[in-house]
There are 2 protein chains.
Amino acid sequence: MTTNGLQHRQTEIPEEINGLRMTRQRQEVYRFLMGERTHPTANEVFISIKEALPHVSLATVYNCLEALVQHKIIRQVNFDREPSRYCPNLDEHGHFHDETTGTIHDIKFKPGINLTDILDLPPNTVIKDIEITLRGQLA
Amino acid sequence: MTTNGLQHRQTEIPEEINGLRMTRQRQEVYRFLMGERTHPTANEVFISIKEALPHVSLATVYNCLEALVQHKIIRQVNFDREPSRYCPNLDEHGHFHDETTGTIHDIKFKPGINLTDILDLPPNTVIKDIEITLRGQLA
DNA sequence: ATAGTAATAAGAATGATTCTAAATTGACGT
DNA sequence: ACGTCAATTTAGAATCATTCTTATTACTAT
């Protein structure tokens, strides 16, 4: 007895975000990332959304993640050359990689801090993206 | 007419740095990085030192780079998931990746700035390493 | 010199990601 | 509803930086 053609699941996701059409696959990828704050890898996303979409392929997960990143709906986070991780937090922030547990924590900047203020940039530099990653341990 | 068993080339490199025995291969890798400020990849190092060591293998270049990084003689720099690059500048600094030319510039911090001062870190955090990477264009 | 350890070489293996080609889906005008 | 065209998805192959394996070579200390 659905009242419309859309199946309504846990979270409603609009048909379009930032100009990107939210297909069923993109919705599942995005929904999972919104609920998971652990910065999952593409493979972890894949395994998880297979519950809802048993026929989804890993290539599609990569496609979806790339589309979501390109449209600034999520962020891609890289630690050294480990598999990329994905993050739905769009606020400007860094990432702390706790070596003992392997967990990743979002790191906010203290209020009033502007990253470009403290960097000695060459003149006429247009910054498109900043990434700050920290590695260490939570003693 | 060598006065000792060591061949003396362009730059003298000590037999040991930070507890790492500087083999011929490690010397060549290190010497090249010291002269090149372009943040070369392992493959670029490989191609270049082949002039001095025609029989060197790529695996050895990787081994040398890893040893040098581990002993804090050079730094490894990663941009997204591109091939790792290597940097002999040990001062705390970030990297700016100019998208138009593909070049990488070291970015110093303005004097008196302490990175951990501006980050809202969880209590009892021991930071082992910080990496700051910027992407954009030199207009 | 000899033994033991570390480093190197060559090539195979790994693994995250991207590519390719075919099939499916969706949007839109009729 | 129907057809058309573009976008998306799928499955599997391909890519490519890096790591691993094994044999050989080079050092170090006895």
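Each chain gets a letter, A, B and so on, in the order the sequences are listed, and its residues count up from 1. These numbers come from a predicted model, not from an experiment.
Taking the six-membered ring for Trp, A:H95 and A:H93 have ring centres closer than 6.0 Å.
Put simply, CG on B:L65 is 14 Å from C1' on C:dT8, counting in whole angstrom units. Straight-line distance from the CZ atom of B:F79 to the P atom of D:dA17: 17 Å, rounded to whole Å. Between the CD atom of A:Q27 and the C1' atom of D:dT8 there is a distance of 14 Å, rounded to whole Å. Residue A:R24 contributes atom CZ, which lies 18 Å from atom C1' of D:dA7 at whole-angstrom precision. Look at CD on B:Q70: it is 15 Å from C1' on C:dA7, rounded to the nearest Å. Note: CG (A:L53) to P (D:dT8) measures 16 Å, nearest angstrom. Between the CZ atom of A:F46 and the P atom of D:dG12 there is a distance of 11 Å, given to the nearest Å. Following rounding to the nearest Å, A:R26 (CZ) and C:dT25 (C1') show an atom-to-atom distance of 12 Å.
Taking 4.5 Å as the limit, some side-chain heavy atom of A:V56 sits within range of a side-chain heavy atom of A:K50. Looking at heavy atoms from C-beta onward, B:D80 lies out of side-chain contact with A:Q76 at the 4.5 angstrom threshold. Taking the side chain as every heavy atom from C-beta outward, B:L134 and B:I107 approach each other to under 4.5 Å. Using a 4.5 Å cut-off on side-chain heavy atoms (C-beta onward), A:L68 and A:L20 make contact. Inter-residue side-chain proximity for A:F96 and A:T133 is flagged as unmet; no heavy-atom pair is nearer than 4.5 Å.
A:D98 and A:T101 share a donor-acceptor pair across their side chains, judged by distance under 3.5 Å alone. Counted by atom type alone, A:Q25 and A:T60 present zero donor-acceptor pairs between their side chains at under 3.5 Å.
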Checklist outcome for this item: A correct 5'-to-3' footprint of nucleotides 24-30 of chain D, with B, S and - meaning base, sugar-phosphate only and no protein heavy atom under 4.0 Å, is ---SS--
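The shortest distance between the side-chain N/O atoms of A:Q25 and the OP1/OP2 oxygens of C:dT25 is not below 4.0 Å. OP1 or OP2 of D:dT10 lies within a sub-4.0 Å distance of a side-chain N or O belonging to A:T60.
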N/O-N/O pairs, protein side and nucleotides 15-19 of chain C side, under 3.5 Å:
{"residue": "C:dT17", "atom": "OP1", "partner": "A:S84", "partner atom": "N", "Å": "2.8"}
{"residue": "C:dT17", "atom": "OP1", "partner": "A:S84", "partner atom": "OG", "Å": "3.3"}
{"residue": "C:dT17", "atom": "OP1", "partner": "B:R81", "partner atom": "NE", "Å": "3.4"}
{"residue": "C:dT17", "atom": "OP2", "partner": "A:Y62", "partner atom": "OH", "Å": "2.4"}
{"residue": "C:dT17", "atom": "O5'", "partner": "A:Y62", "partner atom": "OH", "Å": "3.3"}

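Helix-axis bend for the helix from C:dA1-D:dT30 to C:dT30-D:dA1: the local axis fitted to the five terminal pairs at one end deviates from that at the other end by 30°, rounded to 10°.
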Checklist entry - Passes side chain to side chain donor-acceptor pair (under 3.5 Å), B:N43 versus B:T41? Steps please. => result CA-CA 5 Å; B:N43 198 51; B:T41 62; 5.5 Å; no
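Once rounded to the nearest 0.5 Å, the distance linking CD of A:E92 with CD of A:E131 reads 12.0 Å.
Taking the charged nitrogens against the carboxylate oxygens, A:R21 and A:E15 have no contact shorter than 4.0 Å, which rules out a salt bridge.
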